Amino acid sequence: MQMTCYTADHHGVPTPSNEIEEVAWLSYADRDRVSPVDQVIFDHLNQTGQLH
């Protein structure tokens with residue numbers, strides 16, 4: 001599987017629309033709530049100090 005992730009600065013409040021039903025902020029403590037591929041990404045982000 002190949003996955004591309006993006007980061008950006010954002011001002012304002014993210015709002016769900018169209019096919020997006022909900023916006024949720026997740027921390028590393030929520031790792032068990034995401035898919036296995038996202039767990040790999042969470043691990044990397046946590047190791048590099050980008051997710052706490």
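The structure presented is a predicted model; accordingly, all values stated were derived computationally and were not measured.
Nearest approach of Q39 to D32, heavy atoms of both residues: NE2-CA, 4.0 Å. When all heavy atoms of W25 and P14 are compared, the pair lying nearest together is CZ2-CG, 3.8 Å.
Proximity of T15 to V23: side-chain heavy atoms (C-beta onward) are nowhere separated by under 4.5 Å.
Hydrophobic clustering (side-chain heavy atoms under 4.5 Å, transitive across Ile, Leu, Val, Met, Phe, Trp, Tyr) keeps F42 apart from V40.
Applying the side chain to side chain donor-acceptor pair (under 3.5 Å) test to pairs two or more places apart or on separate chains, those with a residue in residues 43-52 are Y28-D43, R31-D43, T48-Q50.
A distance of 6.5 Å separates OG in S27 from CG in L51, rounded to the nearest 0.5 Å.
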